[in-house]
Amino acid sequence: MSSSVVEAPVARARADAAAAPDGDAAIRGADGVPLSWAERHPLAAALDAMVPGVGLVEVLAGCEPADVDDAALVELVAGWERVVSWAVAGQAAALAELGRRRVGERAEFVGDEVAARLGVTRAVAEGKVGLAIGLDRVPVVADALAEGRLDVRRATVLVDELARVPEHVAVEVAAAVLPQAVGCTAPQLRQRLRRMELLRDPDGAVVRHRRACDQRRVELVPAADAMAWLSAYLPAVDAVAVQATLTALARDVSPEERDRFDARTLDQRRADALVDLATRWWDAGVHPDGRPLRTVQGRAPHLTVTATAATVLGLEDQPGVLDGYGVIPSNLVRRLAARSTWEPLLVDAATGEPLARSTRRYAPTQPLRDAVTARDRTCTFPGCRVPATRCDIDHLQPYDQHAAATDPTSATDPASATDPASATDPASTSGPASPPGAAGAAGAAGAGVDQTRLDNLQALCRHHHRAKTHAGWTPARSPDGTTVWTSPTGHAYDRPPAWPDPDPPPPDDPGPAWTDDPPDAHTPTRDPRPPDTEHDEPPF
């Protein structure tokens, strides 16, 4: 509907609303007959009748909220909501088409293209892609969303719940439930869909449950005030059993002891019981059956906190960085440092980046791995927050085995001896070496030069390592430490260095020096990782 068609009735409604008298006369007409709601609120009625599109956007943008009555304000909110639904439906159509063009191995990485372009997390981007695929699969839901009859929240519930059933079942269920969907809240709609699913396809429900069990996992989401949410996706029976176990442990305190010694609430004791159950094995370094825990990046499982020595010693109060979480306050840094092992870092006085000696062999040495994880902190793909300690250590320029084999100096390199740790740690190397000829000019230039060096290594989670290897993504590091990723479409995205620029060195500073006061890393000039706002991300 064009703006010229809708503008006239809305303009008349505004004039009628402005001319309407106040008080009882505004409720009854001249003949004493009560006015209808539409007659009393003409602007609100005109907005309510408009379908989403460019015309509605123009009218809504032209309305000044301070100049309309309460009924019209409510319809402004509802109108913008229909516009949101219309916009999301349009975005979903584009995403569905992009997904159809990505065939083979590249189909898995559509979410990464969207995440990099929009500057959101991969989880948020894959949510948008999942919605697009679901709408494309059930057109009746896509039509309701585009027409503004269904909001984004309910549309997401519909496509998520119907994604598990065969397509013909999804179409039937959607058509049956859609007329009542507008009157349901999202939880009510979800329960209705699950009941219909069990009644319509009971045998398939058993298969889907077994498949869902394969996706069980535990996730951590950082929160404010040095707190975090730890959530688990489990089979319902197991989840209830875990909660019942924690409740039983939390309640296993006599009322007298609780009143006298323990003022914690039941929720607090449940949370503490969970920590006690999990960390006892981590502290001991063994599995419940006595086997030692597996090393990661050549080290036993541990917490890593980076902070200035002055903060640790209580001379200043700069925040520290807890790997896998983010910044934490100085008092928590000191509390952890009081019962921890301290390690100094070799840093570059000009950039503040950790340094380590390179090697001519393929697998990085332990100091190199430590330097890469300390420098990158997370996977270097834009927006990815997987801690570097859980990533692969990857060569930016593929390691050229031929160049290394023909390098006359490699035989004299004492660091070329086999590192036992790297042979047992799958996260310690950058994956299989490049096939002959894959390195190109980089390989030819590699003779006589250490290929496994800090500026040619990066931390990559397994997913983005595969995106680089199989999906056409190409990373390169700039002199300032920024990693520039080029997508299959040619778009370039920056991942700034995790370490900020330190204070300028003295004029005659000799360069890198050994120090136990690493630069403060809590205020990067550009944060490469957007906040994880998966639950409150705008829909488009």
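Note that the numbering runs from 1 along the sequence shown for the chain.
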The side chain to side chain contact (heavy atoms under 4.5 Å, CB included) partners of Ala71 (sequence neighbours excluded) come to Trp37, His41, Ala44, Asp69
Between Arg137 and Val159, is there a side-chain heavy-atom distance shorter than 4.5 Å? no
For Arg390 and Thr373, does a side-chain donor sit closer than 3.5 Å to a side-chain acceptor? no
Validation row: His491, Trp485 side chains within 4.5 angstrom (heavy atoms): no
Listing, residues 221-234 side-chain donor-acceptor contacts under 3.5 Å, not counting sequence neighbours, or none:
none

Check the angle between the aromatic planes of Trp473 and Phe381 and answer parallel, tilted or perpendicular using the 30° and 60° thresholds. perpendicular
May I have all residue pairs that pass side chain to side chain donor-acceptor pair (under 3.5 Å) and include part of residues 166-183, sequence neighbours excluded? Glu172-Arg200
More than 12 non-hydrogen atoms from neighbouring residues, nucleotides or ligands closer than 6.0 Å to CZ on Arg217, yes or no? yes
Between Gln458 and Thr380: side-chain donor-acceptor atoms closer than 3.5 Å: yes
Got a sec, which residues hit salt bridge (Lys or Arg N to Asp or Glu O under 4.0 Å) with Arg101, two or more places apart in sequence or on another chain? Glu97
Sorted by first residue and then second, give each side chain to side chain donor-acceptor pair (under 3.5 Å) pair with at least one member in residues 146-157; sequence neighbours left out. Glu147-Arg149, Asp151-Arg154
If you measure only the distance, is there a donor-acceptor pair under 3.5 Å linking the side chains of Asp480 and Thr482? yes
Under 3.5 Å, side chain of Glu161 to main-chain N/O of Leu158, donor-acceptor pair present? no
Once ring pair (Phe, Tyr, Trp, His ring centres under 6.0 Å) is applied, what residue pairs with a partner in residues 49-82 remain, sequence neighbours excluded? none
